[in-house]
Peer 1: 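Take this structure first; my questions come after.
Every chain is numbered from 1 and lettered A, B, ... according to where its sequence line falls, protein lines coming before strand lines. Quick caveat: nothing in here was measured; it's all calculated off a predicted structure.
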Amino acid sequence: MNESNINNVNEENPENKITPSNFVREIIDEDLKTNKFGGKVHTRFPPEPNGYLHIGHAKSICLNFGIAASYNGVCNLRFDDTNPSKEDVEYVDSIQEDIRWLGFDWEDRKFYASNYFDQLFEYAVQLIKKGKAYVCDLNAQQMKEYRGTLTEPGKDSPYRNRSVEENLDLFIKMRDGEFEDGSRVLRAKIDMASPNMNMRDPAIYRILRATHHRTGDKWRIYPMYDFAHGISDSIEGITHSICTLEFEAHRPLYDWFLDELEIYHPQQIEFARLNLNYTVMSKRKLLELVEQKYVSGWNDPRMPTISGLRRRGYTPESIRNFAERIGVAKRDNTINVALLEHSLREDLNKRAPRVMAVLRPLKVIFDNYPENQVEELEAINNPEDLSAGTRNIPFSKVIYIEHDDFREDPPKKFFRLSPGNEVRLRYAYIIKCESVVKDEKTGEITELHCTYDPETKSGTAQSGRKVKGTIHWVSAQHAVNAEVRLYDRLFSVEDPSSGDYKSFLNQSSLETLNDCKVEPGLLSAKVDERFQFERQGYFCLDSEDSKPGALVFNRAVQLKDAWAKIEKK
RNA sequence: UGCCCGAUCGUCUAAUGGUAGGACAACGCCCUUUGGAGGCGUAUGCAGAGGUUCGAAUCCUCUUCGGGCAGCCA
């Protein structure tokens, strides 16, 4: 056990930042002090493989693996696969990929609740033999009626007092497939009048003929989550079973099983799950968005799934930092999605190479620039990290600038290009707009004629002349065409769960731009690289749709836009 | 209506009986060849009422409000 475990102090995490303490760590510190688990910390992340992991799971993953790491313990991965009718290997695979991508490692500790099915069956037999479990023939509807309500106690099942022998015989017949699905269940015999509904003789085994992704057709009965989960933690020697708040009322039931079976007791600790505004987090709803094609798949860049965030351009570091700064507590919370976005910008600002890309091109012709001349201009790859070096970008007589960077009638405080006005071209010259060419029919601006000031080349002595604005550009003859996908929040209201969430879908959550012009260096971009398109945001290649001859970029997040704010006023 | 849990700036989160602090968001200003980044500054909070104490966000009581629980889901 390492020294810092004993003290209630902050730990260094791998990113060299202070990990803030939280109530879970305080409980662990206390347990270490009292030697409750012999100085050991052993956590687990227990997903059900019935969907893709989302940012809420990331919080739990960072918590469980993070705590294990900083206390010199370990963290298991365990699939809670007790309901074969909803589970699938596709999810088992994606879950592992996502956890690894986030930067965590379960080493050789990958487990499945289904590994324990034989053991679980034996434990159930043990309960029956102790007179603590019985086979009940009530159907689902009857069971519901017998259960009582929140304010009224339930009634004992008429099958509650079967003999041990009969229960054993029936349970074995359940296992051997002699009864119909749903015709009987095995129930714990606890207290039908308990104020805790979970203690009113809960079902612990149901008959279910479904092929399990691991055990195939070996079983016709499957343990319920409540029975399997706590016992699985016990079998694995977990010290601290960290889970979300809704399982708080289940803790007495887990404790009851462990006590009756006289086996090792982990300590369960419940924390509040993550909610993000402008999104939904329930697996059911995310599944619906996928199945009903509101999004392109689990990894649609607008989804709050790990795979969606990855495809969108998020980094593991940014998600880990996010998980850290939102904290861990018991009160319900809704985090501003702006904080997630901030975490990404903060990370990429330090690391992402800058490039120039014109999303909505407007042609600019320099009337005083030599016809066939091409200059190579030096540009800094990352002003936040000079060790990233420089690159050359070509400049020539015709370039593209951003349509938004020109206004024929500039409003006040518009520092960009307008007729008769000057602007700095990033890493190039100061230019002046001399005339505007429009489409005769539509009145649409089609090109600009400008002059450049040869004395103002970046890096030269006279380049110091000040102009108010600087804009980005791409040389027309050298530009590479690309498609760019601009994403906005998936929902248009802060809390889509407040009603029919699908009616709150943001109709303009995806805008596809097909005629973008990017600097030639981007031809060699790779899928896991992220770039800052100067003055616009952070982008990456789309891992599904981008092809060598047909680049597709996703916008991960916009840069902050002070002008947009000014203009709004 | 029963049981359980919770309540600190707009949003998160610290404080562990001794000056309510940080982050994001907001708003100013400075700086800037990214209207980016950065710097400086401003405003905003202990749900309410009692009690214990020299002293309470912290301990106790009541009230109010929010969340969870009545699957053979997890």
Peer 1: With no hydrogens and no angle check, just 3.5 Å: does a side-chain donor-acceptor pair link A:Q536 and A:E534?
Peer 2: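 No, no side-chain donor-acceptor pair sits under 3.5 Å.
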
Peer 1: One character per nucleotide, please: for nucleotides 68-74 of chain B, 5' to 3', B when the base has a protein heavy atom closer than 4.0 Å, S when only the sugar-phosphate does, - otherwise.
Peer 2: -BBSBSB

Peer 1: Can you tell me, in whole Å, how much space there is between the P of B:rA20 and that of B:rU34?
Peer 2: 43 Å

Peer 1: Answer with base, sugar-phosphate or nothing: what part of the nucleic acid does A:P153 contact at a heavy-atom distance below 4.0 Å?
Peer 2: nothing

Peer 1: Does A:R331 have a side-chain nitrogen or oxygen under 4.0 Å from the phosphate oxygens OP1 or OP2 of B:rU13?
Peer 2: yes

Peer 1: Considering every strand and a 4.0 Å limit on heavy-atom distances, what is the contact class for A:T334: base, sugar-phosphate, or nothing?
Peer 2: sugar-phosphate

Peer 1: If you look at every strand shown and take non-hydrogen atoms under 4.0 Å, does A:Y427 touch a base, only sugar-phosphate, or nothing?
Peer 2: base

Peer 1: Which helical stems does RNA chain B take part in, if a stem means at least 3 consecutive Watson-Crick or G-U pairs with both distances below 3.5 Å?
Peer 2: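 Stems (3+ consecutive pairs) listed as B:2-7 with B:64-69, B:10-13 with B:21-24, B:26-30 with B:38-42, B:47-51 with B:59-63.
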
Peer 1: Mind checking the P distance from B:rU61 to B:rA7? Whole angstroms is fine.
Peer 2: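 Approximately 15 Å lies between the P atom of B:rU61 and that of B:rA7.
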
Peer 1: Which whole-number value in Å describes the distance from A:R424 CZ to B:rU34 C1'?
Peer 2: 13 Å

Peer 1: Between B:rU33 and B:rA15, how far apart are the two P atoms, rounded to whole Å?
Peer 2: 44 Å

Peer 1: Angle class for the A:Y429/A:Y452 ring planes (parallel below 30°, perpendicular above 60°, tilted otherwise)?
Peer 2: perpendicular

Peer 1: Which nucleotide wins on minimum distance to the side chain of A:K330, given the candidates B:rG6, B:rA37, B:rG35?
Peer 2: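 In terms of side-chain proximity for A:K330, the closest of B:rG6, B:rA37, B:rG35 is B:rG6.
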
Peer 1: With distance as the sole criterion, do the side chain of A:T470 and the base of B:rU34 form a donor-acceptor contact below 3.5 Å?
Peer 2: no

Peer 1: Using distance alone, with no hydrogens and no angle criterion, decide if A:N421 and A:K432 have a side-chain donor and acceptor under 3.5 Å apart.
Peer 2: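 No, because no side-chain N or O of A:N421 sits under 3.5 Å from a partner of the opposite role on A:K432.
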
Peer 1: Expressed in whole Å, how much space separates the P atoms belonging to B:rG41 and B:rC5?
Peer 2: 44 Å

Peer 1: Any heavy-atom pair between the side chains of A:L274 and A:I326 that's under 4.5 Å?
Peer 2: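 Yes; the side chains approach each other to less than 4.5 Å.
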
Peer 1: Is the distance between the ring centroids of A:F414 and A:W563 less than 6.0 Å?
Peer 2: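 Yes, the ring centres sit under 6.0 Å apart.
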
Peer 1: Between A:Y116 and A:Y123, does the ring centre distance come in under 6.0 Å?
Peer 2: no

Peer 1: Quick check: do A:K283 and A:H57 have side-chain heavy atoms less than 4.5 Å from each other?
Peer 2: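 They are in contact (side-chain heavy atoms under 4.5 Å apart), so the answer is yes.
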
Peer 1: Kindly label the base of B:rG71 as syn or anti, based on whether its glycosidic torsion lies within 90° of 0.
Peer 2: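 You should classify B:rG71 as syn.
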
Peer 1: Can the ring centroids of A:F539 and A:F533 be said to lie less than 6.0 angstrom from one another?
Peer 2: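 Here the rings of A:F533 and A:F539 have centres that are less than 6.0 Å from each other.
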
Peer 1: Using a heavy-atom cut-off of 4.0 Å across all strands, would you classify A:Q532 as base, sugar-phosphate, or nothing?
Peer 2: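 Touches a base.
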
Peer 1: Could you check whether A:N382 and A:E384, counting side-chain N and O atoms only, form a donor-acceptor pair closer than 3.5 Å?
Peer 2: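 On atom types as modelled, these side chains do not qualify, holding no pair under 3.5 Å.
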
Peer 1: Among A:V364, A:I430, A:I399, A:L377, which residue satisfies the side chain to side chain contact (heavy atoms under 4.5 Å, CB included) criterion with A:L425?
Peer 2: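 The passing option is A:I399.
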
Peer 1: In whole Å, what separates the C1' atom of B:rC69 from that of B:rC59?
Peer 2: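 About 29 Å, rounded to a whole number of Å.
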
Peer 1: With rounding to whole Å, what would you report as the distance between B:rU52 and B:rC4 at their C1' atoms?
Peer 2: 27 Å

Peer 1: May I have the distance from A:E341 (atom CD) to B:rG36 (atom P), rounded to whole angstrom?
Peer 2: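 The distance from CD of A:E341 to P of B:rG36 comes to 16 Å, rounded to the nearest Å.
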
Peer 1: How would you label the contact of A:F322 with the nucleic acid (heavy atoms, under 4.0 Å): base, sugar-phosphate, or nothing?
Peer 2: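 The answer is nothing, as A:F322 stays clear of every strand by at least 4.0 Å.
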
Peer 1: Base, backbone or nothing for each nucleotide of nucleotides 20-30 of chain B, written B, S, -, heavy atoms under 4.0 angstrom, 5' to 3'?
Peer 2: ---SSSSSS--

Peer 1: Suppose you measure atom C1' in B:rG22 against the same atom in B:rG36; what distance do you get, rounded to whole Å?
Peer 2: 24 Å

Peer 1: On RNA chain B, check which nucleotide each of A:F23 and A:E248 is closest to and give me the residue with the more 5' one.
Peer 2: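 Its nearest nucleotide lies further toward 5', so the answer is A:E248.
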
Peer 1: Once hydrogens and angles are ignored, does a donor-acceptor distance under 3.5 Å link the base of B:rG35 to the side chain of A:R416?
Peer 2: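 A donor-acceptor contact between them is present.
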
Peer 1: With a 6.0 Å cut-off on the ring centroids, do A:F79 and A:Y112 count as close?
Peer 2: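 So the answer is yes for these two rings.
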
Peer 1: Would you measure the distance from the C1' atom in B:rU53 across to the matching atom in B:rC60 and give it in whole Å?
Peer 2: 12 Å

